[in-house]
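A short worksheet on the structure shown next.
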Amino acid sequence: MRPLASCTRPLLSTLKPYRLARRPNSTSSPPSPEDIAPDTEPSEHDLRFGYYDVLLPSEPFIWGTAHILPRPVPPHIRRPPYVPDLFGPDAEGEVEAEGRGAKEDVMGTQRKLIRDPEDVEKLKRAARLASDVLEFAGSLVQVGRTTDAIDAAVHELILACGAYPSPLLYKGFPKSCCTSVNNVITHGIPDDRPLQDGDIVNIDITVYLDGFHGDTSRTFLVGDVDDKGRELVQLTDAALEAGIAACGPGRPFKGIGGAIHDLLRGKDYCVSPQFSGHGIGREFHRQPWIYHNLNDEPGEMQPGDCFTIEPAIIQGTDPHGWTFPDGWTVSTENCARAAQAEHMVYITEDGAEVLTRRP
């Protein structure tokens, strides 16, 4: 959900006090006086959620993403239907591509089972590539490196593997992966902010290979992360595994959200209800929609279903998010940290196979 501009400006003014000038290097101790901005004492927010840099949109605000130049893609790389063929021989080719994208918007949300052996193998190859790229992206996470530099390296690797970075130009998204830092729940746009000691960063990778999408994400620790941040990331990984354990032929989709709910019960954490997992295959997003919170949605898993489970876990009990002026980046309203983890799950005749899990 994208809030109106009139709602965003006053919200920003209430969030500014959360930002501290420096964060401590210790993982277990509160900050010393020299670690805190002048005339600032640790707040209830800091004591509850830990010590980290809060991300807010840069001022003056720039609305939308038209100012961000997408990275080029060679003409021989096969594009998904929602991306116009910018290298088409004439304008008619571009209109045809746009028409295909519109058709996907209308028809692509329908649930589809993937059972043809050749299609299943293509799906698995896309998933394996996404997993490999995510592993590579994680190796680049270090203090001082920008998320834009990570995006550039991810972009080049995906192209070198003969695939297309699925997020690029999807509904106008200007980068090849999503990078969500600290209080950003999801859909963070890679930029020139250097990663800082103590950050956590989710990197969300999707590739389009031979007509199929592969999608996975993980939250990485940057340098020396405090105990509360580490606990958040560990719990997020556990929530993903709990959701996966609820999968199998004939099992209800709502069991995924139920399993995550049971895991979080009694803890000072919540799951974002704004963002769901989704069916995936030839389409980037389609039914079934996978809700990570407690729900009563109908439907059972069938052999041939392929979908993502991608819970975004938030510190505290306030799951609400708000969207930056760029129209994509979603932060927690109270600037608590969030972490996310994602796998692709394929339902077989006798169980569930995690296509993006590394050996």
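- In terms of the salt bridge (Lys or Arg N to Asp or Glu O under 4.0 Å) criterion, Glu349 has no residue partners (sequence neighbours excluded).
- Between Val133 and Ile158 the shortest side-chain heavy-atom distance falls below 4.5 Å.
- The closest donor-acceptor contact from the side chain of Thr308 to the backbone of His278 lies under 3.5 Å.
- Listed by chain and number, the residues in a side-chain hydrogen bond (donor to acceptor under 3.5 Å, both in side chains) with Lys254 are Asp296 (sequence neighbours excluded).
- Side-chain atoms of Asn182 do not come within 3.5 Å of backbone N or O of Val54 as any donor-acceptor pair.
- Remark: side-chain polar atoms of Ser131 are not paired, donor with acceptor, to backbone N or O of Ala127 under 3.5 angstrom.
- Listed by chain and number, the residues in a side-chain hydrogen bond (donor to acceptor under 3.5 Å, both in side chains) with Gln302 amount to none (sequence neighbours excluded).
- Between Thr332 and Trp322, the shortest heavy-atom contact is O-NE1, 3.3 Å.
- Counting heavy atoms from C-beta on, the side chains of Phe284 and Pro81 never come closer than 4.5 Å.
- Looking at every heavy atom in both residues, Leu264 comes nearest to Cys270 through CD1-C, 3.9 Å.
- Annotation: ring-ring contact (aromatic ring centres under 6.0 Å, His included) contacts involving residues 215-261, sequence neighbours excluded, comprise Phe253-Phe307.
- Using a 3.5 Å distance cut-off with no hydrogens or angles, the side chains of Ser331 and Asn183 do pair a donor with an acceptor.
- Here the CG atom belonging to Leu157 is positioned 8.5 Å from the CG atom belonging to Asp132, to the nearest 0.5 angstrom.
- Residues Leu263 and Val233 are members of one and the same hydrophobic cluster, defined by side-chain heavy-atom contacts under 4.5 angstrom among Ile, Leu, Val, Met, Phe, Trp and Tyr.
- With rounding to the nearest 0.5 angstrom, the CD atom of Gln110 is 10.0 Å from the CZ atom of Arg286.
- Of all the heavy atoms in Ala339 and Leu232, the pair that sits closest is CB-CG, 3.8 Å.
- For Ala149, the side-chain contact (heavy atoms from CB on, under 4.5 Å) partners are Arg145, Thr146, not counting sequence neighbours.
- Using modelled atom types, one side-chain atom of His155 and one backbone atom of Pro72 make a donor-acceptor pair closer than 3.5 Å.
- The minimum heavy-atom distance between Val154 and Cys177, with the atom names listed, is CG1-CB, 4.4 Å.
- Contact between Cys178 and His187 at its shortest, heavy atoms only, is SG-CA, 4.0 Å.
- Interatomic distance, Leu221 CG to Asp226 CG, rounded to the nearest 0.5 Å: 10.0 Å.
- Here Phe173 contributes atom CZ and Ser166 contributes atom OG; the two are 12.0 Å apart, rounded to the nearest 0.5 Å.
- Checked by atom type and distance alone, the side chain of Arg79 pairs as donor or acceptor with a backbone atom of Val73 at under 3.5 Å.
- Legend: residues meeting salt bridge (Lys or Arg N to Asp or Glu O under 4.0 Å) with Asp204, ordered by chain and number and at least two apart, are absent.
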Verify side-chain contact (heavy atoms from CB on, under 4.5 Å) between Ile244 and Arg357, making sure each step is shown before the conclusion. CA-CA 11 Å; Ile244 292 171; Arg357 195 189 299 281; 3.9 Å; yes
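- Under a hydrophobic clustering in which Ile, Leu, Val, Met, Phe, Trp and Tyr are joined whenever their side-chain heavy atoms come within less than 4.5 Å, directly or via other members, Val354 and Ile290 fall into the same cluster.
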Go through the steps to decide whether Lys124 and Glu353 satisfy the test side-chain contact (heavy atoms from CB on, under 4.5 Å), and finish with yes or no. CA-CA 10 Å; Lys124 291 182 176 182; Glu353 183 177 355; 3.4 Å; yes
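- Counting heavy atoms from C-beta on, the side chains of Pro311 and Leu240 come closer than 4.5 Å.
- The backbone N or O of Gln234 lies less than 3.5 Å from no partner atom in the side chain of Asp237, so there is not a single donor-acceptor pair.
- Leu355 and Phe136 end up in different hydrophobic clusters when Ile, Leu, Val, Met, Phe, Trp and Tyr side chains are linked at under 4.5 Å.
- Under a 3.5 Å cut-off, the side chain of Thr219 and the backbone N or O of Gln340 do form a donor-acceptor pair.
- Legend: residues meeting side-chain hydrogen bond (donor to acceptor under 3.5 Å, both in side chains) with Tyr164, ordered by chain and number and at least two apart, are absent.
- Among residues at least two apart or in separate chains, salt bridge (Lys or Arg N to Asp or Glu O under 4.0 Å) pairs with a member in residues 175-196 are Asp53-Arg193, Asp148-Lys175, Arg193-Asp199.
- Side-chain atoms of Arg218 never come within 3.5 Å of backbone atoms of Leu134 as a donor-acceptor pair (strictly under, hydrogens ignored).
- With hydrogens and angles disregarded, a donor-acceptor distance shorter than 3.5 Å links the side chain of Thr356 to the backbone of Met344.
- Ser217 pairs by the side-chain hydrogen bond (donor to acceptor under 3.5 Å, both in side chains) definition with Asn202, not counting sequence neighbours.
- Looking at Ser180, its side chain does come within 3.5 Å of a backbone N or O of Gly188 through a donor-acceptor pair.
- The hydrophobic cluster containing Leu294 does not contain Phe275, counting ILVMFWY residues as joined when their side-chain heavy atoms lie under 4.5 angstrom apart, directly or transitively.
- Between Tyr82 and Tyr170, the ring-plane angle classifies as perpendicular under the 30° and 60° cut-offs.
- Applying the salt bridge (Lys or Arg N to Asp or Glu O under 4.0 Å) test to Asp262 and every residue at least two apart in sequence or in another chain returns Arg265.
- Residues forming a side-chain contact (heavy atoms from CB on, under 4.5 Å) with Arg125 (at least two apart in sequence, or on another chain): Glu121, Lys122, Arg128, Leu209, Asp210.
- For the atom pair Ile309 CD1 and Glu241 CD, the distance stands at 9.0 Å (nearest 0.5 Å).
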Ile314 vs Ile185, side-chain contact (heavy atoms from CB on, under 4.5 Å): CA-CA, chis, key distance, verdict: CA-CA 8 Å; Ile314 298 170; Ile185 304 173; 4.0 Å; yes
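- Judged as a salt bridge (Lys or Arg N to Asp or Glu O under 4.0 Å), the pairs with a partner in residues 297-323 (not counting sequence neighbours) are, in order, Arg111-Asp305.
- Note on Glu231 versus Arg337: no salt bridge recorded, every NZ/NE/NH1/NH2 to OD/OE distance being 4.0 Å or above.
- Note that the CG atom of Leu235 and the OH atom of Tyr269 stand 6.0 Å from one another [nearest 0.5 Å].
- The two residues Leu195 and Val141 make their nearest non-hydrogen contact at CD1-CG1, 4.1 Å.
- The shortest side-chain heavy-atom distance between Pro303 and Leu113 does not fall under the 4.5 Å cut-off.
- Linking ILVMFWY residues whenever their side-chain heavy atoms come closer than 4.5 Å, directly or via other members, places Leu140 and Val143 in the same cluster.
- Under the 30°/60° scheme for interplanar angles, the aromatic rings of Phe61 and Trp63 are found to stand perpendicular.
- Ring orientation note: the planes of Tyr52 and His45 are tilted relative to one another, at an angle of 30° to 60°.
- By the 4.5 Å heavy-atom criterion applied to side chains, Phe49 and Asn334 are counted as neighbours.
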